[in-house]
Amino acid sequence: MQERYEPAAVEADAQRFWNDQRCFEAKEDAAREKYYCLSMFPYPSGRLHMGHVRNYTIGDVLSRFMRMNGRNVLQPMGWDAFGLPAENAAMANGVPPAKWTFDNIAYMKAQLKSLGFALDWSRELTTCRPEYYRWNQWLFLRMLEKGIAYQKTGVVNWDPVDKTVLANEQVIDGRGWRTGAPVEKREIPMYYLKITAYAEDLLDALSQMQGWPERVRAMQANWIGKSVGVRLGFPYRIEGLGEGVLHAFTTRADTLMGVTFCAVAAEHPLAAHAARHNEKLAAFIEECKRGPAIESELATQEKKGMPTGLTVRHPISGVALPVWVGNYVLMSYGDGAVMGVPAHDERDFEFAKKYHLPIKPVIDVPGREYSLHAWAPWYAGHGRCINSGTYDGLEFQAAIEAIAADLQRLNLGEKQTTWRLRDWGISRQRYWGCPIPVIHCAACGTVPVPDEQLPVVLPVDLVPDGSGNPLLKDEAFLAVSCPRCGAKARRETDTMDTFVDSSWYFLRFACPDNDKAMLDARVRYWAPVDQYIGGIEHAILHLLYSRFWTRVVQELGAVEFKEPFANLFTQGMVLNEVFFRKPDTGRVEYFNPADVEVTLDPTAQRRIAVLRSDGLEVESGGVVTMSKSKNNGVDPQALVDEFGADTARLFTMFAAPPEQTLEWSDEGVQGAFRFIKRLWKAVHDHVAPGACVPLDKSILNDEHRAIRRQAHQTLSKITDDIGRRRTFNTAIAAAMELLNALAKFPQRSPQDRSVIQEALEIAVLGLSPIIPHVTHALWRALGHQRALIDEPWMTVDLAALQTSEIAMVVQVNGKLRAHISVAVGADEDTVRAAALADPNVQKFIAAAPVRKVIIVPGKLVNIVV
RNA sequence: GCCCUCGUGGCGGAAUCGGUAGACGCAACGGACUUAAAAUCCGUUGGGCGAAAGCCCAUCCCGGUUCGAGUCCGGGCGAGGGCACCA
């Protein structure tokens, strides 16, 4: 074994071994318990970032640990390869998105390999390849058949100069990001998936999902947003419309008798009707539709409204109620109309005050007095009905039941559940995505592409130029004959939202080579995913869509479960300090921390940050999430090149628990590297004199027993920390402690060396899921023929943990006063006597009689005086 | 505004079920080796008092429960995140 630790050689050697042995190619084996460990697949943006390294290292540690613990592990990898950045890059460089994407994949795949992840590359999948996305199309057609997919008009952001649709993030302050032109709202036909039909099930199942973080479940529940209430009907007779009913949803039907007006959204049909001969109203409606671009402004903007001049009748009392247009009413929620109860709804109160509408209190809370002058939070609380005719005296739930029953009889209302969740619009007017498999025929209308014509292949040589979807100009793609009548027809050019691609890739990893079916029997062996790992930023959309998609697949009979991810782990973000200069003129300039030298001023105790290139000071903006915009990212490649993959892995696992944020630290990386070098040297120094004799447990002295005890305690802790607690940082700390103890232990006798051998084996094997390359080499150096990756996880020698004496602490009134050592299994009287006999304890109990002695066996004695 | 999470040394963090607060690492300081530097190794390091033994204070603040609270409960302050006119 060579004395010097050289990561490049060690890592190349280990990776070659794993590759040659095909260690990580997973095979179905009904006799073995499987473990499907999946990290969220990356978008091939160009290079890996530290977030990827962290994510994939967590998955790799678990995969390797489970493998050594006898599980049949599948850890696959793929590419979420459709998406907007490829089109942007194409426009910037004049290269087709496909080429840019595949080049990036090649580079990032090499990076992933250099990090030594135990991935089954034989199952690699890429969502922009027809072999994959044809099954998007196939399942979409099944959804069409079942009515889960349907068409309706949707609103998009339209750039009138580029004549193209913009994604929300491409709209900056209401203007197109490239042209600066004011963005228009356009209504176009789009495909939607009926995720709302699954809302109840998606919500209910959350409470059973013990393997998911509470936080994520709460976020999903919040997003689904269930509201139980009553859908009311306000009948009307309006000139030009005739008789009709204005529908509005409420969760507070108990306040129905307090309604003094109705308000509708600007997009509501009644508003449009009233505006036909009312220019001021028409102008107001236009103003509302444009609205502020930013959601937070939308929520805080002043409440504005305008009367329509129309009236509707109260469903119970028959009183005429004015209909207003209100800028705070959302067309997309409920029926786009609300009943105005100013007395008990803060928004309605503000609105009524502004426009001098009547306020009629109908809820009484004992001990409270209603004042029409100012809003008070209790107005919105539950209470007893007053001023409500026959409902007077009823409590919240009873009032709702009574009112709902009466409305039902009048055919003017029913109990209803409303959801915040909307159906999922999947149409994108984009080139670089999965084509939606439909054909437009002048005679037959919209015709689904027949299954045997799948896949609808996306041409890969087009270059978008900013002037809309290039598919619109590609005759070879567009021209098609109608599958129904054979006439000339036109292919749909919209593509699918990329969230479709990622909604089922985890199932396809079980059978990526099947060209006859989307899924096959192998899915039943591997799925569901046992452990899914990814960023918290996907807590809602990706994870919710995947749950929805899995339910659809289940209904088709391809899988037997509804929940795709049994356990979810959300890793924390990677942070770094941000450095900048703010010139008097112009915008803030950010400098990468790699180009900044931070020193400690010895006198002032102040940190000074200086840009290396010009030697002048830069300001620090604190520690924030690594991002391109703040230029505070660290290139993992530079780290791997300088210190090796093991150091990169060790640092990211050691600096913080995996669920928390991770602060980047150059010194911390040095520390991780230093530890690996120490481990290397410890093994080197140990094996240098040659092989050692087998351990004879019958002739151990006290020092031997102490080392063995610590070694096996360490093994026990690492096993628990990785396997159960998922606190890899404390597992590493325990291994470090063991190595520190070994450094102090002299190697003289053959028996000394045998004890050290065992402890080093525990350290090396225990750390192998985290730093697999160096431990692969060290395991060989320790004399093993079998590769470490094929070794079973070691078992704790319970006998080694046993001691004859045990240390206990003695407290007096809860304050630590002494340490004592007692025989294991000593009875309480003996322990009490030993505690009371301690001279320091004596000092503190002399003044008063002992009232009580609490003994926690094996831990402590507390003497109360 | 509502919901969630979190506040521990100079810093990242540990303390797993209410039982020794500060493991491990970083930084800093002292020392060894070296012509020197780097690397490496040894030691010290929450604050105060003390020669030492040891004592007092200390986990954002105030209060409570308990023999015992970083951990549980109530109230406040601060930070981060999610939702945000959802009727």
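Order of the sequence lines fixes the chain letters, A, B, ..., with proteins taken first and strands second; residue numbering starts at 1 for each chain.
Applying the 4.0 Å criterion to OP1 and OP2 of B:C3, one finds that A:Arg215 has every side-chain N and O outside that range. Phosphate proximity of B:U40 to A:Lys681: absent, as no side-chain N or O sits under 4.0 Å from OP1 or OP2. Residue A:Asn862 places no side-chain N or O under 4.0 Å from the OP1 or OP2 atom of B:U66. Close to B:A87, at under 4.0 Å from its OP1 or OP2, lies no side-chain N or O of A:Arg420.
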Between A:Val230 and A:Leu407, does a side chain to side chain contact (heavy atoms under 4.5 Å, CB included) hold up when you go through it step by step?
CA-CA 9 Å; A:Val230 175; A:Leu407 290 171; 4.0 Å; yes
Could you go step by step and tell me if A:Trp424 and A:Phe499 meet the ring pair (Phe, Tyr, Trp, His ring centres under 6.0 Å) rule?
CA-CA 10 Å; A:Trp424 175 17; A:Phe499 275 113; 7.2 Å; no
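Across all strands shown, B:U44 pairs with B:A28; the Watson-Crick or G-U wobble distances both stay below 3.5 Å. Judged by Watson-Crick or G-U wobble contacts below 3.5 Å, the nucleotide B:C72 has B:G64 as its partner. Pairing for B:C83 is with B:G1, a Watson-Crick or G-U wobble pair whose two hydrogen-bonding atom distances lie under 3.5 Å. In this structure B:A51 sits in no base pair that meets the Watson-Crick or G-U test at under 3.5 Å. Nucleotide B:G9 has no partner under the Watson-Crick or G-U criteria, as no pair reaches both atom distances under 3.5 Å.
A:Thr250 comes within 4.0 angstrom of the backbone, heavy atoms only, and of no base. Nucleic acid contact for A:Arg678: sugar-phosphate only, since backbone atoms but no base atoms lie under 4.0 Å from a heavy atom of the residue. Note on A:Val864: only backbone sugar-phosphate atoms sit closer than 4.0 angstrom, heavy atoms only; bases stay farther off. Within 4.0 Å of A:Asp348, counting heavy atoms only, lies no atom of the nucleic acid at all. A:Gly671 comes within 4.0 angstrom of sugar-phosphate atoms only, judged by non-hydrogen atoms across all strands, and of no base. Using a 4.0 Å heavy-atom criterion, one finds that A:Val853 contacts no nucleic acid atom at all. In this structure, A:Gln811 reaches the bases: a heavy-atom distance under 4.0 Å links it to at least one base atom across the strands shown.
The aromatic ring centres of A:Phe675 and A:Phe654 sit 6.0 Å or more apart.
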Do nucleotides 52-59 of chain B as a string where each nucleotide becomes B, S or -: B if the base has a protein heavy atom under 4.0 Å, S if just the sugar-phosphate does, - if no protein is that close.
--SSSS--
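Annotated as syn: B:G9, whose glycosidic dihedral is within 90° of 0.
By the side-chain hydrogen bond (donor to acceptor under 3.5 Å, both in side chains) test, A:Gln210 is found to be paired with no residue, residues two or more places apart in sequence or in another chain being considered. Considering only residues two or more places apart in sequence or on other chains, A:Phe651 meets the ring-ring contact (aromatic ring centres under 6.0 Å, His included) condition with A:Trp664. Not counting sequence neighbours, A:Asn632 has no partner by the side-chain hydrogen bond (donor to acceptor under 3.5 Å, both in side chains) test.
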Polar atom pairs between nucleotides 6-15 of chain B and protein, under 3.5 Å, N or O only, would you list them?
residue: B:G12; atom: O2'; partner: A:Ala655; partner atom: O; Å: 2.7
residue: B:A14; atom: OP1; partner: A:Asn729; partner atom: ND2; Å: 3.3
residue: B:A15; atom: OP1; partner: A:Arg725; partner atom: NH1; Å: 3.4
residue: B:A15; atom: OP1; partner: A:Arg725; partner atom: NH2; Å: 2.5

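Checking B:C67, B:U16, B:A87 against every side-chain atom of A:Asp721, the shortest atom distance belongs to B:U16. Each of B:U16, B:G19, B:C67 was ranked by its minimum atom distance to the side chain of A:Leu860; first place goes to B:G19. When each of B:C85, B:C83, B:C67 is scored by its nearest atom to the side-chain atoms of A:Ile854, the top-ranked nucleotide is B:C67. Relative to the side chain of A:Trp223, the nucleotides B:U20, B:C26, B:A84 differ in distance, and B:A84 lies closest.
Residues A:Ser627 and A:Thr625 have side chains that never bring a donor and an acceptor to within less than 3.5 angstrom of each other.
A:Phe844 carries A:Arg817 over the face of its six-membered ring, with the cationic atom under 6.0 Å from the centre and within 45° of the normal.
Each of A:Arg674 and A:Arg252 lies near RNA chain B, and the nucleotide nearest A:Arg674 is the one positioned closer to the 5' end. Heavy-atom distances to RNA chain B give each of A:Ala218 and A:Ser227 a nearest nucleotide, and the one nearer the 5′ end belongs to A:Ala218.
Applying the side-chain hydrogen bond (donor to acceptor under 3.5 Å, both in side chains) definition to pairs two or more places apart or across chains, none involves residues 851-860 of chain A.
A 6.0 Å sphere centred on CZ of A:Arg215 holds no more than 12 heavy atoms belonging to other residues, nucleotides or ligands. The neighbour count for A:Met573 CE, taken as heavy atoms of other residues, nucleotides or ligands under 6.0 Å away, does not exceed 12.
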